[in-house]
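Note that ligands are numbered from 1 as they come in the structure, with each ligand's atoms numbered from 1 the same way.
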Amino acid sequence: MSPAEIRLTDLTVSHARRPAVHHLSGRFAPGSLTAVVGPNGAGKSTLLRALAGLHRPDAGRIEGAAGQIALLPQATALDRAFPIGCLDVVLFGLWGGSGAFRAISRAGRERARAALVAVGLEGFERRPVGSLSVGQFQRVLFARLLLQDAPVILLDEPFNALDARTAADLLAMVHRWHGEGRTVVAVLHDLEMVRREFPQALLLARDCLGWGPTAEVLTAANRLRARMMAEAWAAEPEPCERRDAA
Ligand SMILES: Nc1ncnc2c1ncn2[C@@H]1O[C@H](COP(=O)(O)OP(=O)(O)OP(=O)(O)O)[C@@H](O)[C@H]1O
């Protein structure tokens with residue numbers, strides 16, 4: 001795996017012109033393992049969606065990400081009512097390579113089956129995803145990431161609402177991806193886990209409060225600043241008037 005460096009330059013990403021990520025600059029080094037942390041509403045999901053090309057920045061630049069990325073969205077953002085089996089959900093991971101209307105090869109199906117086995121879901125191929133537990137469904141989504149085989153993997157709250165065993169299994173997979181040289185970026189709220197498992201951290205509170213080695217970013221002073229900024233947020237932030245980077 002040789003992911004490119006991802007560079008952000010004065011990046012602002014907004015919802016209806018109200019900035020969720022504000023003038024962010026920095027880089028994700030190739031093969032780095034970074035936790036994105038910050039209070040609710042800090043812009044973490046918005047940043048991941050912008051990196052994945054799903055949300056257009058309204059100022060600044062993202063370089064090095066195009067065509068490299070697989071995204072695991074927040075579980076709450078996904079609708080599981082759709083009547084579809086686990087194997088088919090995993091097979092979505094091949095769409096980037098095969099095109100939505102091209103036949104999935106036998107080899108592709110075998111890879112999807114192997115991915116389900118790798119996440120501990122052997123025999124779940126035909127199970128409708130609507131019948132899975134939260135943890136089982138997250139395993140299916142990790143199997144889809146395995147199939148996508150992307151150099152850069154973005155995970156939005158991947159361990160939310162998981163029991164200890166499922167979280168440990170999926171965390172081991174994150175470390176495996178990191179060991180293979182992929183760039184991994186995960187939004188997390190568990191700061192103990194971040195300190196233990198993630199060498200790099202990006203602390204967001206719409207503005208960037210720190211980006212670098214985790215111990216240097218997650219200081220008491222930085223966390224206090226983030227909390228104070230979150231408490232000061234208006235429910236509807238002002239539109240960003242600084243357009244010079246556009
Ligand atoms: N689709 C949307 N339409 C309008 N505003 C949005 C939309 N999505 C997010 N926002 C707003 O953008 C800001 C950042 O939201 P975002 O989901 O990126 O934060 P977050 O850090 O991921 O929060 P959390 O930790 O609660 O998941 C919030 O004020 C949110 O209300």
Is it the side chain, the backbone, both or neither of [X] that has a heavy atom closer than 4.0 Å to ligand 1?
| X | value |
| --- | --- |
| Pro39 | backbone |
| Arg18 | neither |
| Lys44 | both |

Q) Gln74 near ligand 1, heavy-atom distance under 4.0 Å? A) yes
(Q) Under 3.5 Å between any N/O of Gly43 and any N/O of ligand 1: does that happen in this structure? (A)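 Yes, since at least one N or O of Gly43 sits under 3.5 Å from an N or O of ligand 1.
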Q: Using distance alone, decide if ligand 1 has a nitrogen or oxygen within less than 3.5 Å of any nitrogen or oxygen in Gly38.
A: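 No - when backbone and side-chain N and O of Gly38 are compared with those of ligand 1, no distance drops under 3.5 Å.
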Under 4.0 Å from a heavy atom of [X]: which atoms of ligand 1 are those, numbered in the order shown and with their elements?
| X | value |
| --- | --- |
| Ala20 | 12 (O), 13 (C), 14 (C) |
| Glu157 | 25 (O), 27 (O) |
| Ala42 | 19 (O), 20 (P), 21 (O) |
| His189 | 25 (O) |

Q. If we ignore angles and hydrogens, is there a donor and acceptor under 3.5 Å between the side chains of Gln74 and Ser45?
A.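 There is such a pair (donor and acceptor under 3.5 Å, judged by atom type) between the side chains of Gln74 and Ser45.
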Q.
Can you see whether His15 engages Thr46 through a side-chain donor-acceptor pair at a distance of less than 3.5 angstrom?
A. yes
Q) Which atom pair, heavy atoms only, marks the closest approach of Gln138 to Leu72? A)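 Closest approach of Gln138 to Leu72, heavy atoms only: NE2-CD2, 3.7 Å.
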**Q.** Shortest non-hydrogen contact between His178 and Val184, atoms and distance
**A.** N-CG2, 4.3 Å
Q) Out of Leu47, Thr46, Asn160, Val187, who gets a non-hydrogen atom closest to atom 15 (O) of ligand 1? A)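 Selected option, by shortest heavy-atom distance: Thr46.
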Q: Taking only Lys NZ, Arg NE, NH1 and NH2, and the carboxylate oxygens of Asp or Glu, determine whether Asp149 and Arg182 approach each other closer than 4.0 Å.
A: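 Salt bridge between Asp149 and Arg182, a charged N being under 4.0 Å from a carboxylate O: yes.
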**Q.** Glu110/Arg106 ion pair, N-O < 4.0 Å
**A.** no
Q: Could you check if a side-chain atom of Leu202 sits within less than 4.5 angstrom of a side-chain atom of Val185, using non-hydrogen atoms only?
A: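 Result no, sub-4.5 Å side-chain heavy-atom pair not found.
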Q | Val134 and Thr166, any side-chain heavy atoms less than 4.5 Å apart | A |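 In short, these two side chains do not touch, never coming nearer than 4.5 Å.
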